[in-house]
Amino acid sequence: MAKSPKPSTQSPALNRLIDQLSTLPGVGRRSAERIAFHLLKSPRDETVQLADAIRDFAINLKICSACGNATDTDPCPICANDHRDHQTILVVEKPSDIVQLETTGQYDGVYHVLMGRLSPLDDIGPGELNLDGLLDRVKKQNVREVILGMHPTAEGDGTALYLADQLNQLGVTLTRLARGLPVGAALDTVSKAVLGDALHGRRHVDS
Ligand SMILES: [Zn+2]
């Protein structure tokens, strides 16, 4: 006689949550279980708030059709702002980079979000990034300057090189963010690339 399958001792709701959580990047089965059991012990209204935030995000969040930023409105508030300089585009890897850069209050141009960076090892090539949108904007919108704001990593540098190659053919002024020195870093502990950029990006000292 065939054995009937062993009934699961866990609740279907808990299993479903663990299944869903384990589809997230960087969250394996064990982490998903840990998060689920944490939520089980948390006040119920906090868990409902988290679920509401995810539902609200899924229903209302859009991608700006101009720059690729995450936004509630399309175009995003930055692209819709006529007081910003629409002839200067700062290219970033992801929407959270815009949040960081905006906190400086030092930039009044617009942005373009690539939604990642080139990473051959992870099978992320030019087709996986929001590159065509950038080239289109530069061709059609009388863009004067493109600032490359990729992260200072090997993949970020590779992406910047690729973009520079594409953009140079369009006759636009190309710059990239000076990296500067991290606060507290000894000169002999930072990479040659960072140090070189710190030198090239140097500014006058205001007295
Ligand atoms: Zn936008």
Side-chain angles (χ1 to χ4, degrees), residues 23-27 49-120 122-180 182 197 201 203:
T23 64
L24 298 173
V27 182
Q49 275 179 34
L50 174 66
D52 284 349
I54 293 174
R55 178 183 292 273
D56 184 49
F57 169 88
I59 292 171
N60 294 319
L61 205 84
K62 302 177 181 75
I63 298 291
C64 173
S65 55
C67 72
N69 192 10
T71 172
D72 288 348
T73 57
D74 184 18
C76 73
I78 294 174
C79 288
N81 185 345
D82 288 338
H83 298 292
R84 298 190 75 118
D85 171 10
H86 286 253
Q87 290 183 298
T88 304
I89 297 179
L90 202 169
V91 185
V92 295
E93 293 181 10
K94 50 191 197 300
S96 56
D97 295 338
I98 295 184
V99 177
Q100 285 294 108
L101 286 156
E102 284 294 292
T103 59
T104 68
Q106 303 282 317
Y107 179 67
D108 72 343
V110 292
Y111 295 91
H112 192 88
V113 186
L114 293 179
M115 283 296 174
R117 55 191 170 206
L118 295 177
S119 177
D122 301 315
D123 279 336
I124 300 174
E128 275 65 52
L129 302 180
N130 181 19
L131 288 177
D132 287 346
L134 173 64
L135 299 177
D136 250 24
R137 288 174 81 187
V138 172
K139 280 180 204 158
K140 292 180 185 157
Q141 291 175 13
N142 197 25
V143 172
R144 197 178 45 236
E145 180 180 355
V146 173
I147 306 164
L148 302 177
M150 269 59 80
H151 293 199
T153 59
E155 289 170 347
D157 284 350
T159 310
L161 270 175
Y162 178 86
L163 270 183
D165 194 42
Q166 303 277 312
L167 290 163
N168 268 329
Q169 300 167 25
L170 300 177
V172 63
T173 299
L174 209 53
T175 57
R176 79 177 164 76
L177 296 181
R179 285 168 189 172
D197 276 353
R203 305 193 324 189

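We count ligands from 1, going down the list as the structure has it; atoms in each ligand are counted the same way.
His86 NE2 to Asn81 CG: the interatomic distance, rounded to the nearest 0.5 Å, is 6.0 Å. Thr88 contributes atom OG1, which lies 7.5 Å from atom CG of Asp108 (distance to the nearest 0.5 angstrom). Separation of atoms CG (Leu90) and CD (Glu145) is listed at 8.5 Å; rounding is to 0.5 Å.
With respect to Arg55 and Asp52, no salt bridge is recorded, no charged nitrogen being found less than 4.0 Å from a carboxylate O.
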Show which side-chain atoms of residues 131-139 pair as donor or acceptor with protein atoms under 3.5 Å away, not counting sequence neighbours.
residue	atom	partner	partner atom	Å
Asp136	OD2	Lys140	NZ	3.4
Arg137	NH1	Tyr111	O	2.7
Arg137	NH1	His112	ND1	3.0

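Within the protein, the N, O or S atoms lying under 2.8 Å from the Zn ion (ligand 1) are Cys64 SG, Cys67 SG, Cys76 SG, Cys79 SG.
Heavy-atom minimum distance, Val113 versus Asn130: O-ND2, 3.0 Å.
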